[in-house]
Amino acid sequence: MAPIWLSSCSSKTTRCTAWCAAPAPRASSGWSISALGCILHQADLLDQLSIVTLLNAVRPHEVYNLAAQSFVPTSFSQPLLTAEFTGLGVTRVLEAIRLVDPKIRFYQASSSEMFGRVQEEPQNESTPFWPRSPYGVAKAYGHWITVNYRESYGMFTCSGILFNHESPLRGKEFVTRKVSDAVARIKLGQQSRLQLGNLDAQRDWGFAGDYVEAMWLMLQQDAPEDYVIATGIKHSVRELVDTAFRHVGLDWQDYVDVDQSLMRPADVSTLCGDASKARMRLGWTPKMSFAELVAIMVDADLERVARAMRG
Ligand code: G4F
């Protein structure tokens, strides 16, 4: 039996793609799920029947729900869609599991955005939530419905409260990739300025590859529980920008403008996680540092932009 990973086709559609590992995964240097030996299926988180049909067809032993409207600013302009997709979508997947095979193990991608106006620092599994966006509110719903199905039906459901996790595959709407892409384009003469919003915001940024390992570990335990996954180190957006420009020998202050239109109606000013529980119970620790993460993202964009310039 294979696990299913549910991810969004894009931040603008409720349709999700399910990836199921094929029996003999092949290595690949490029990024293509099918090239990794996965079979792609599609379902829609707004359509209960499509999820039931998917589970019946694949009969997975694990489901990882990473599908969501996941861009915080969009949740302010489309709060109802975000609630349906990011919040109620979780219940639809849980109901489908309950109907098809309640023994399927379920991972819910919960978010540090649920902590919002933080009540303590660093944040752990017991820190109260105070979400600051419709996205954060929808994720809090998704978290509690995951806990509720565990307590109500004895299902193996885990909520991973993940802090920001990044890689060269990150969408360009998120600040890390927006910065790495702009740094590469500026360095190679394809762009002159970079507009950003809140430079004071602080995030606990880690490498997505490390965090996926934590998701998998959660579903391999004897009992289902919730875990914070974080590095425990925070940096401001200003530090991110400085690190990225420095990596190519440039001074960020020569290129960055603050654009008031990129400020959020309510932002989360600081996030920093305490992953002690994951370290003790799962044996998990993050392996990549912030500086290494920024470097691999900038290098990947330099390579991509240079390739595009060669035509
Ligand atoms: O990169 P961001 O858009 O990520 P955000 O809002 O923290 O959310 C991400 O991480 C969450 C985990 O905690 C996920 F649940 C969520 O789905 C997503 O993956 O923004 C980070 C910070 C914010 O404070 C924002 O105001 O960067 C600040 N920022 C400053 N200028 C900017 C910009 N963010 C974006 N996207 N674009 C800017 O120009």
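All ligand and atom numbering here is 1-based and tracks the order in the structure. Owing to the predicted nature of the structure, the values given are computational and were not obtained by experimental measurement.
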Trp284 and Arg279: side chain to side chain contact (heavy atoms under 4.5 Å, CB included), yes or no, with the steps? CA-CA 5 Å; Trp284 179 85; Arg279 192 168 58 246; 6.0 Å; no
Which ligand 1 atoms, with their elements, are less than 4.0 angstrom from a heavy-atom of [X]?
| X | answer |
| --- | --- |
| Ala201 | 24 (O) |
| Ser70 | 16 (C), 17 (O), 18 (C) |
| Leu262 | 39 (O) |
| Phe71 | 3 (O), 36 (N) |
| Val237 | 27 (O), 28 (C) |

[X] and ligand 1 - part of the residue with a heavy-atom distance under 4.0 Å:
| X | answer |
| --- | --- |
| Leu196 | both |
| Arg170 | side chain |
| Leu162 | backbone |

Charged N to carboxylate O below 4.0 Å: is that the case for [X] and [Y]?
| X | Y | answer |
| --- | --- | --- |
| Lys187 | Asp181 | no |
| Lys234 | Asp204 | no |
| Arg98 | Glu95 | yes |

Where is the nearest protein heavy atom to [atom]: which residue, which atom, and how far?
| atom | answer |
| --- | --- |
| atom 31 (N) of ligand 1 | Gly197 N, 2.8 Å |
| atom 36 (N) of ligand 1 | Glu173 O, 2.8 Å |
| atom 11 (C) of ligand 1 | Ser111 OG, 3.7 Å |
| atom 14 (C) of ligand 1 | Tyr135 OH, 3.4 Å |
| atom 26 (O) of ligand 1 | Asp267 OD2, 2.7 Å |
| atom 13 (O) of ligand 1 | Ser112 OG, 2.3 Å |
| atom 5 (P) of ligand 1 | Asn164 ND2, 3.7 Å |

Nearest heavy atom to [atom]: which of [options] does it belong to?
| atom | options | answer |
| --- | --- | --- |
| atom 3 (O) of ligand 1 | Arg238, Glu113, Arg203, Arg264 | Arg264 |
| atom 30 (C) of ligand 1 | Leu66, Thr176, Asn198, Val268 | Asn198 |
| atom 1 (O) of ligand 1 | Val256, Asp204, Val175, Val241 | Val175 |
| atom 39 (O) of ligand 1 | Lys178, Met114, Lys172 | Lys178 |

Practice task
Determine whether Phe290 and Leu196 fall in the same hydrophobic cluster, where Ile, Leu, Val, Met, Phe, Trp and Tyr are linked whenever their side-chain heavy atoms lie under 4.5 Å apart.
Solution key: yes
Can you see whether Phe174 has Arg177 sitting over its ring - NZ or CZ less than 6.0 Å from the centre and within 45° of the normal? no
Measure from NZ or CZ of Arg150 to the centre of the six-membered ring of Phe156, then state whether that distance is under 6.0 Å and the direction lies within 45° of the axis.
-> no
As an exercise, state the distance from [atom1] of [X] to [atom2] of [Y], rounded to the nearest 0.5 Å.
| X | Y | atom1 | atom2 | answer |
| --- | --- | --- | --- | --- |
| Gln48 | Leu99 | CD | CG | 8.0 Å |
| Leu88 | Thr82 | CG | OG1 | 11.5 Å |
| Trp205 | Phe163 | CH2 | CZ | 13.0 Å |
| Asn198 | Arg264 | CG | CZ | 8.5 Å |

The side-chain contact (heavy atoms from CB on, under 4.5 Å) partner of Phe129 among Gln119, Gln123, Glu113, Met114 is Met114
Pairs of nitrogen or oxygen atoms closer than 3.5 Å, one from Phe163 and one from ligand 1: do any exist? no
